[in-house]
Amino acid sequence: MVLVAYAIGSVVGGKLSDQYGRKRLLIIMLPLLVLFSILSAFAPEFWSFIVFRSIVGFTIGSNTAAVTTFSMEIVPVKDRAFAMFVINVWYVMGGCYVYMMGLFFMNQYGWRAIVLLTAAPTVVSCLSTCWIVESPRYLYVCGRASELTDTLTRMFKMNDKIAPKFILGEHVEEARGSIPEIFEGDYFRITILLLQAFTINAFLEYGASLLLPDMFVYDYCSDTALFDDDSSCYMSNSEYLYLLLIGSVSLPAVLVAYLTCDKFGRIRTMLFSGTVTLLGLILLLVCINVYVLVGEAALVVFFSVLQNCALWLYLPESYPTYMRNVAVGVVNGVGKVGAALGSLITEIVAGSSIRACLTLYVCLTAYQLVCIYLMKKDTAGLRLADTRAAAQEMISPQPGLERSDPQAQEAR
């Protein structure tokens, strides 16, 4: 239910953000996230908890699309990879924070304490809306020249820079946030490929989060139980420690993504990391012992996170401002359907055979590599398009994996 609500929130939030603004959506959704995150900890019974968590999922889906788009639109070309690096660092740290809370508090204080503790960071996010500005690119496509000038002046002041005199033309895009438009013309191909890549990515991410603990607690290499502390209905400390160890591998992967996405391009980074992930999954099929298993799992996690970072950087760069957020919302939302399927199918298949589940992961990863290769056009070094007219140059097909010269793009 939470994943379904997340998917719906991502699509709805993406459309509303393109129509009414990134900042306005965050101002509405973040307080709702705080409120229902706290209420979840005090839910009197099961169904009220499901309702509260579904609303939390809806708000997170809406916020994810808006934050991703906003971060891409307020920085220059050379800093887009760094902006995504910052977002992913906090995302990974959030995951590690949850694992640590589970490790230290779950068995002692129960799930209510964990839900309440995980709600704490949302308060900080909510307060941050007091300092953010509306996306200048969004104001530009709306034709709100006065607000755009004020926003740019404020941004210069915040960075201790002297604001120049702005000369802004009128470029109004009335039809913003149209879902059918991301499936029309030249956008159809890239949207379909991104939908498949993100769905598989979410399938593997959520499926692996369920599969890895089973592989560690029950050593499928030797068919023996490694730990016998499973009397509690909660996860064991050993499981949390392994997940924390694997999760910590994600931090250096995010750093490597930042260093490679601009140097080698988004698509080349995705293809290389996806290939190594595929090899790592194949190695898991021939596990020797639990120590080798940890190393192989860390390898898979590292390069899958690296690929995920490049995918999230590539997605908002592939669409113009007037439809960027709805595209991000739809792709991310449909991807979460893959997350739900990944969780369900992993539970069913892994229950009878972990190796069968890994074989499924291998096939999906191979198919995802094909989708990424077919994307062809890299976005590294390309300026973001804002209007329909500016988007025509961006969506014109290029042979192979050739990239544009960043300096030439900036000069234009």
Side-chain angles (χ1 to χ4, degrees), residues 88 92 95 193-223 226 239 242-254 256-257 260 266-312 335-375:
N88 282 307
V92 172
L193 292 173
L194 282 169
L195 284 171
Q196 294 177 83
F198 268 82
T199 301
I200 294 173
N201 189 276
F203 185 104
L204 297 175
E205 179 185 356
Y206 280 73
S209 68
L210 296 174
L211 183 66
L212 287 177
D214 289 345
M215 294 173 68
F216 293 138
V217 174
Y218 186 82
D219 184 5
Y220 83 104
C221 299
S222 58
D223 290 332
L226 297 177
E239 291 175 270
Y242 274 115
L243 285 175
L244 186 59
L245 174 65
I246 296 301
S248 63
V249 175
S250 301
L251 282 174
V254 171
V256 172
T260 58
R266 283 58 160 145
I267 292 182
R268 285 191 176 92
T269 299
M270 288 187 283
L271 287 175
F272 175 76
S273 55
T275 301
V276 179
T277 300
L278 178 62
L279 294 175
L281 289 170
I282 294 173
L283 289 175
L284 283 173
L285 288 169
V286 289
C287 174
I288 300 173
N289 56 53
V290 69
Y291 302 106
V292 176
L293 175 67
V294 172
E296 292 169 347
L299 179 73
V300 170
V301 170
F302 181 93
F303 284 98
S304 63
V305 170
L306 176 57
Q307 184 191 57
N308 185 57
C309 291
L311 261 174
W312 270 103
K336 282 300 178 286
V337 175
L341 291 174
S343 302
L344 177 63
I345 294 175
T346 297
E347 285 284 1
I348 296 173
V349 177
S352 57
S353 173
I354 290 180
R355 283 187 170 84
C357 195
L358 287 172
T359 302
L360 174 62
Y361 290 0
V362 168
C363 296
L364 289 174
T365 303
Y367 181 76
Q368 185 189 44
L369 283 172
V370 175
C371 293
I372 292 171
Y373 177 78
L374 292 176
M375 291 176 189

If you measure from [atom1] on [X] to [atom2] on [Y], what distance do you get to the nearest 0.5 Å?
| X | Y | atom1 | atom2 | value |
| --- | --- | --- | --- | --- |
| I372 | L193 | CD1 | CG | 10.0 Å |
| I354 | L285 | CD1 | CG | 11.0 Å |
| L271 | M375 | CG | CE | 9.0 Å |
| L204 | N308 | CG | CG | 10.5 Å |

Ignoring hydrogens, what is the shortest heavy-atom contact between V301 and S250? Give both atom names and the distance. CG1-OG, 3.8 Å
Search all heavy atoms of C309 against all heavy atoms of V254 and return the closest pair with its distance.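 For C309 versus V254, the nearest heavy atoms are SG-CG2, 3.9 Å.
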Can you list the residues that meet the side chain to side chain contact (heavy atoms under 4.5 Å, CB included) rule with [X], with sequence neighbours excluded?
| X | answer |
| --- | --- |
| V337 | L341 |
| I282 | L278, V362 |
| A310 | C261, T269, M270 |
| E205 | Y91, N201 |

As a quick check of understanding, evaluate side chain to side chain contact (heavy atoms under 4.5 Å, CB included) for Q196 and Y367, giving each step before the final call. CA-CA 9 Å; Q196 294 177 83; Y367 181 76; 2.3 Å; yes
Within the 4.5 Å heavy-atom criterion, are [X] and [Y] side-chain neighbours or not?
| X | Y | value |
| --- | --- | --- |
| L306 | T260 | yes |
| K336 | F198 | no |
| V256 | F302 | yes |
| I200 | T365 | no |

Assess whether side chain to side chain contact (heavy atoms under 4.5 Å, CB included) is satisfied between F203 and I345, documenting all intermediate values. CA-CA 9 Å; F203 185 104; I345 294 175; 3.7 Å; yes
Taking only residues two or more places apart in sequence or in another chain, which ones pass ring pair (Phe, Tyr, Trp, His ring centres under 6.0 Å) with Y361?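 With sequence neighbours excluded, Y361 shows a ring pair (Phe, Tyr, Trp, His ring centres under 6.0 Å) to no residue whatsoever.
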Test side chain to side chain contact (heavy atoms under 4.5 Å, CB included) on Q368 and L311 and set out the steps. CA-CA 11 Å; Q368 185 189 44; L311 261 174; 4.2 Å; yes
Verify side chain to side chain contact (heavy atoms under 4.5 Å, CB included) between L358 and L211, making sure each step is shown before the conclusion. CA-CA 9 Å; L358 287 172; L211 183 66; 3.8 Å; yes
Return yes if some donor-acceptor pair links the side-chain N/O of T277 with the main-chain N/O of S304 below 3.5 Å, else return no. yes
